[in-house]
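What follows is a short report on a single structure.
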Amino acid sequence: GQCTAVQDEMTVTVASEAEVEAGTNQNLCSGNEISLAGSSIGGSASVGTWTIESQPSGGDGQLGFIGATNPTDTVTFTATELGAYVLRLTTNDPAGSCDAEFDEVTITVVTPATAEAGPVQSVCPSEVATLAGSSVGGAAGDGTWTIVSQPSTPVLGDGQLGFTSATNPTDTVTFSATVPGIYRLRLTTNNPIGNCDAVFDEVEITVEPPPVPSINGDMIVCADDTETYTTDGGQTNYVWVVTGGSVVSGGDGFDNIEIEWDGDAPYNISVSYQDGNGCTGSYVEDVTVNPLPTATITASDSDLCAGEKTN
């Protein structure tokens with residue numbers, strides 16, 4: 001026929017596929033909140049929606065926002081029940097014929113860091129105390145000991161830790177001091193995983209003052225005198241040391257001793273014992289031993305006959 005050919009045109013726009021990135025897997029400290037950082041949507045998608053796809057039995061995960069949103073990395077998540085939570089980010093409105101896409105991320109809820117500094121202890125000066133009963137756990141892998149307070153008067157404390165770097169187990173670290181008083185030690189967790197906060201616990205170590213024995217008795221005697229000496233009663237592990245004399249009775253194990261001063265100079269006596277805290281004290285005292293006088297007889301006439309008298 002006489003029909004004229006005709007034509008028409010159409011424009012086909014090729015859109016990029018929807019893109020979605022849920023971010024990297026993360027650890028979350030129980031009860032804390034995290035932002036789903038690292039997540040994004042793109043390509044032909046303009047918004048996305050977060051959903052919780054799976055959680056532990058009894059899981060209590062909560063998303064801070066459940067509607068379509070962009071940016072997606074400002075949405076938060078929180079939970080207290082331990083375990084793995086799988087979150088899904090789905091693109092909602094891809095342009096054209098593009099399919100919706102999704103990506104998933106796993107959030108593992110972990111136990112908060114824990115620190116236990118152990119029970120209070122009492123030690124004697126220079127005695128080494130092991131910080132037994134201390135531990136770190138939960139999200140923490142190790143802990144560090146520090147001295148946070150110690151005596152300041154009348155003498156500054158001199159506490160020393162056997163190890164000051166991060167360590168686990170923590171209950172093998174030792175402490176000692178020579179100055180009596182109360183020392184406060186702190187155990188701080190160093191490396192909690194996830195977004196768990198570092199925590200600390202403290203313990204008091206009391207360095208007991210040593211006992212100061214006394215010796216009662218006559219410290220000025222004559223040679224060959226026998227004297228009794230006493231010290232404080234009610235203690236344990238009495239040890240007596242005598243120089244220049246002989247022990248007649250009592251002595252070690254007793255709070256008294258009887259001594260005959262029959263030896264040569266020097267002359268002294270010492271005693272040590274343990275008090276109720278198990279601390280040992282000692283005391284020594286010098287004794288003055290006077291020699292016995294020597295009697296002399298002087299006659300006015302050294303030549304006498306039998307029956308005569310002299311003055």
Side-chain angles (χ1 to χ4, degrees), residues 115-136 142-189 200-217 219 228-243 245 247 249-259 266-287:
E116 172 56 57
V120 298
Q121 297 187 53
S122 294
V123 296
C124 300
S126 299
E127 181 182 356
V128 176
T130 300
L131 301 177
S134 64
S135 63
V136 292
D142 55 46
T144 300
W145 282 102
T146 54
I147 301 172
V148 294
S149 68
Q150 56 185 347
S152 58
T153 58
V155 179
L156 182 64
D158 60 353
Q160 295 287 330
L161 288 162
F163 192 74
T164 57
S165 299
T167 181
N168 193 9
T170 59
D171 59 359
T172 60
V173 176
T174 58
F175 170 81
S176 64
T178 64
V179 177
I182 297 175
Y183 295 75
R184 181 175 291 273
L185 312 183
R186 176 178 293 176
L187 175 60
T188 304
T189 62
F200 67 85
D201 191 31
E202 296 180 344
V203 63
E204 287 186 352
I205 307 294
T206 300
V207 178
E208 302 288 354
V212 181
S214 62
I215 298 177
N216 306 302
M219 298 302 168
T228 298
Y229 300 90
T230 62
T231 188
D232 312 297
Q235 312 303 317
T236 59
N237 295 332
Y238 292 96
V239 176
W240 296 85
V241 177
V242 177
T243 302
V247 177
S249 63
D252 292 350
F254 296 91
D255 61 5
N256 61 84
I257 188 171
E258 187 178 11
I259 302 171
Y267 302 99
N268 59 61
I269 179 174
S270 69
V271 65
S272 65
Y273 58 69
Q274 286 185 342
D275 63 10
N277 296 316
C279 299
T280 299
S282 61
Y283 178 72
V284 60
E285 186 159 345
D286 293 330
V287 177

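These numbers were taken from a predicted model, which means no experiment stands behind them. Position 1 is the first residue of the sequence, and the numbers go up from there.
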(message) side chain to side chain contact (heavy atoms under 4.5 Å, CB included) for T130 and T174? Distances and angles first, verdict last.
(response) CA-CA 4 Å; T130 300; T174 58; 3.9 Å; yes

(request) Give, for atom OH of Y238 and atom CG of D255, the distance between the pair rounded to the nearest 0.5 Å. (result) 4.5 Å

(message) Distance check, rounded to the nearest 0.5 Å: L187 atom CG versus W145 atom CH2?
(response) 4.5 Å

(message) Are more than 12 heavy atoms, taken from residues, nucleotides or ligands other than F163, located less than 6.0 Å from that residue's CZ atom?
(response) yes

(message) Return the CG to CG distance between L131 and L185, rounded to the nearest 0.5 Å.
(response) 6.0 Å

(message) Working to the nearest 0.5 angstrom, can you tell me the gap between T146 OG1 and R186 CZ?
(response) 6.0 Å

(message) How close do T170 and S134 get, counting heavy atoms only, and between which atoms?
(response) OG1-OG, 3.0 Å

(message) Quick one, T206 with I182, criterion side chain to side chain contact (heavy atoms under 4.5 Å, CB included). Give me CA distance, side-chain angles, the key distance, then yes/no.
(response) CA-CA 4 Å; T206 300; I182 297 175; 3.9 Å; yes

(message) Could you report the tightest heavy-atom contact between S122 and E208, atom names first, then the distance?
(response) OG-OE2, 3.4 Å

(request) Walk me through it: do Y283 and V212 pass the test side chain to side chain contact (heavy atoms under 4.5 Å, CB included)? (result) CA-CA 7 Å; Y283 178 72; V212 181; 5.7 Å; no

(message) Looking only at side-chain N and O atoms, does S135 offer a donor or acceptor that is under 3.5 Å from a partner on D171?
(response) no

(request) Could you check if a side-chain atom of P211 sits within less than 4.5 angstrom of a side-chain atom of C279, using non-hydrogen atoms only? (result) yes

(request) Indicate the atoms forming the closest heavy-atom contact of E127 with S176, along with that distance. (result) O-CB, 3.6 Å

(request) Apply side chain to side chain contact (heavy atoms under 4.5 Å, CB included) to Y183 and D158, showing your working. (result) CA-CA 9 Å; Y183 295 75; D158 60 353; 3.6 Å; yes

(message) With rounding to the nearest 0.5 angstrom, report the CD1 to CZ distance, I147 to R184.
(response) 13.0 Å

(request) State which residue, out of T231, T280, D232, fulfils the side chain to side chain donor-acceptor pair (under 3.5 Å) condition with Y273. (result) D232

(message) Could you measure the distance from the OG atom of S272 to the CG atom of N237? Nearest 0.5 Å is fine.
(response) 8.5 Å

